[in-house]
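Counting starts at 1 for both ligands and their atoms, in listed order.
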Amino acid sequence: MPMLKPPPRLGGYPGKAPRLKRYSIVELARNARGHHEGWWEAWRSPEPKPRYDVVIVGGGGHGLATAYYLAKEHNIRNVAVIERGWLGGGNTGRNTTIVRSNYLQDESAALYEKSLQLFEGLSADLNYNVMFSPRGLLALCHTPHELREAQRRCHAMRLNAIDSEMVTLDGLKAMVPVLDLSGSKRYPVLGGLLQRRGGVARHDAVAWGFARGADAFGVDIIQNCEVTGIRREGDRVTGVETTRGFIGAGKVAVVAAGHTTTLADMVGLRLPIHSHPLQALVSEPVKPLLPCVVMSAQVHVYLSQSDKGEVVMGAGIDLFQSYGQRGSLPVLEGQLAAACELFPVLSRLRMLRTWAGIVDICPDASPVIAKTPIEGFYVNGGWGTGGFKATPGSGYVFAHTIARNEPHALNARYGLERFSGGLLIDEHAAAGVAH
Ligand code: FAD
Ligand code: PYC
């Protein structure tokens with residue numbers, strides 16, 4: 001079957017999304033009958049140009065969102081996203097898709113809440129279904145200490161006008177009947193912190209939606225192209241060496257998650273970030289069982305059910321540092337034991353797949369979103385185990401930082417100076433993932 005004509009590019013005005021062509025009913029029917037052979041590509045695969053105003057290193061959700069908002073909010077369109085593998089093949093396509101804004105510190109609450117609000121309108125903004133499902137996020141408490149921490153966080157969130165509520169045992173029983181509340185466990189459930197607006201979104205769709213939107217604005221997305229060096233003249237960067245040759249750049253923005261430090265090393269910048277594997281696994285599909293996302297920091301597992309019915313699970317990081325995208329068996333054994341302790345009904349479930357991503361962790365479990373002392377060089381990383389939920393918000397404020405050469409009010413506290421100035425933003429408890 002012949003390829004259908006691709007959609008027209010770039011109809012839009014500065015600051016507005018261009019209109020993307022839609023398939024007609026006839027085209028849809030013809031394509032569906034033709035074994036899905038005639039769909040056009042959602043973004044181009046251009047040859048790299050010799051020079052761009054901005055080169056973004058990393059085609060995960062954050063890099064693509066940055067490119068999208070650079071074009072949409074700042075009318076900067078001579079932009080390339082350089083990805084060494086395929087779009088979303090890093091942490092974006094490997095995470096457990098949890099979205100929430102239940103953080104303790106004011107600056108985190110503001111940043112993650114902005115992101116949650118963007119998630120709430122993202123499918124409409126991108127004209128692409130990112131399958132955001134605000135089904136509720138429940139953080140279980142197993143000790144009096146955890147209850148106190150949750151109550152403190154609940155109040156802090158409310159002071160920041162973010163929805164949050166404490167749930168009693170009766171409430172938990174009504175919400176999640178399969179949760180074992182018998183009290184006979186080593187760590188019995190004592191209560192929970194609920195954010196009803198939290199939930200999950202389809203991770204690949206977030207990357208694909210931003211890619212399609214950025215491409216429609218004229219951003220070049222270049223896959224299978226690894227950045228192997230960053231060229232610098234004096235105190236400023238001038239471009240990137242890649243496996244497809246040198247690409248000049250007015251500004252270089254690194255958004256490479258687990259590889260943040262290897263890229264920063266290329267310009268001689270040392271960062272207080274460590275890379276570790278984080279694993280997840282998924283079960284065979286079963287009938288609806290978990291109506292919301294459940295996280296337990298103490299017994300330690302977090303679970304949700306995919307639209308297909310699979311139970312998606314994860315737990316803490318592997319403690320060794322590594323760039324290999326695989327983890328160790330004891331961590332998986334631990335998370336399965338934790339899942340069965342909380343939900344005995346899961347003990348007969350078969351697991352289908354496990355995988356890992358490499359997460360980049362800062363000492364305070366908060367990210368870096370900043371310009372650096374090297375002119376034209378910007379870093380967005382250190383999101384550790386929790387950056388998926390921040391994808392739109394991160395791209396939004398990073399685009400502002402790159403375009404204006406100064407932080408947005410929401411990322412003003414996320415600079416490198418916080419490590420030397422003792423101004424850490426400690427979010428280890430709210431991270432909900434042991435590290
Ligand atoms: P990535 O998607 O990793 O993108 C970075 C890209 O940079 C990669 O595609 C990589 O190939 C590319 N790259 C690296 N080096 C180079 C180079 N030299 N040249 C060119 N390209 C390069 N967060 C949540 O909020 N909720 C969750 O439920 C959650 N669960 C998680 C579960 C697991 C198992 C893992 C691993 C992570 C989880 N996270 C979660 C964290 C979240 O996935 C990440 O913080 C987030 O996806 C980071 O997005 P990113 O776009 O910065 O990174
Ligand atoms: O940050 O919500 C999160 C998360 C859940 C699982 C991994 N990270």
Which residue and atom name correspond to the protein heavy atom nearest [atom], and how close is it?
atom                    : answer
atom 8 (C) of ligand 1  : Glu83 OE1, 3.4 Å
atom 2 (O) of ligand 2  : Arg100 NE, 2.7 Å
atom 6 (C) of ligand 2  : Tyr302 CE1, 3.1 Å
atom 21 (N) of ligand 1 : Arg84 N, 3.1 Å
atom 4 (O) of ligand 1  : Gly60 CA, 3.4 Å

*Between Tyr323 and His259, what is the ring plane arrangement, given parallel below 30°, perpendicular above 60°, and tilted in between?*
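Rings of Tyr323 and His259: parallel, under 30°.
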
*ligand 1 and Gly88, any nitrogen or oxygen pair closer than 3.5 angstrom?*
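Between Gly88 and ligand 1 (N or O atoms, distance only) the closest approach is not under 3.5 Å.
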
*Could an N or O of ligand 1 be found under 3.5 Å from any N or O of His259, whether backbone or side chain?*
no

Looking at [X], which atoms of ligand 1 are within less than 4.0 Å of one of its heavy atoms?
X      : answer
Gly58  : 6 (C), 7 (O), 12 (C)
Trp383 : 45 (O)
Ala257 : 1 (P), 3 (O), 52 (O), 53 (O)
Gln279 : 34 (C)
Val255 : 5 (C)

_Are Tyr69 and Phe398, when compared by the centres of their aromatic rings, separated by less than 6.0 Å?_
no

_Phe119/Phe388 aromatic ring centres below 6.0 Å_ =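 Yes, the ring centres sit under 6.0 Å apart.
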
_Contact check, Gly386 vs ligand 1, heavy-atom distance below 4.0 Å_ = yes

_I'd like to know whether ligand 1 has Ala390 as a neighbour, heavy-atom separation below 4.0 Å._
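Heavy atoms of Ala390 never come under 4.0 Å of ligand 1.
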
Kindly identify the option in [options] whose heavy atom sits closest to [atom].
atom                    : options                        : result
atom 1 (O) of ligand 2  : Lys389, Glu427, Met295, His435 : Lys389
atom 31 (C) of ligand 1 : Thr66, Ile56, Thr92, Asn95     : Asn95
atom 7 (C) of ligand 2  : Val312, Ile317, Thr385, Val301 : Thr385
atom 41 (C) of ligand 1 : Ile361, Thr385, Asn91          : Thr385

*Considering the heavy atoms of Gly386, write down every atom of ligand 2 situated less than 4.0 Å from one of them.*
1 (O)

*Which atoms of ligand 2 are found less than 4.0 Å from any heavy atom of Thr96?*
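Within the 4.0 Å cut-off of Thr96, ligand 2 contributes 6 (C), 7 (C).
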
*Quick one: is the NZ or CZ of Lys251 closer than 6.0 Å to the six-membered ring centre of Tyr378, and within 45° of its axis?*
no

_Are there over 12 heavy-atom neighbours, none belonging to His274, within less than 6.0 Å of that residue's NE2?_
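Atom NE2 in His274 is not crowded, with 12 or fewer foreign heavy atoms closer than 6.0 Å.
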
*Could you state the interatomic distance from CG (Leu190) to CD (Glu146), rounded to the nearest 0.5 Å?*
8.5 Å

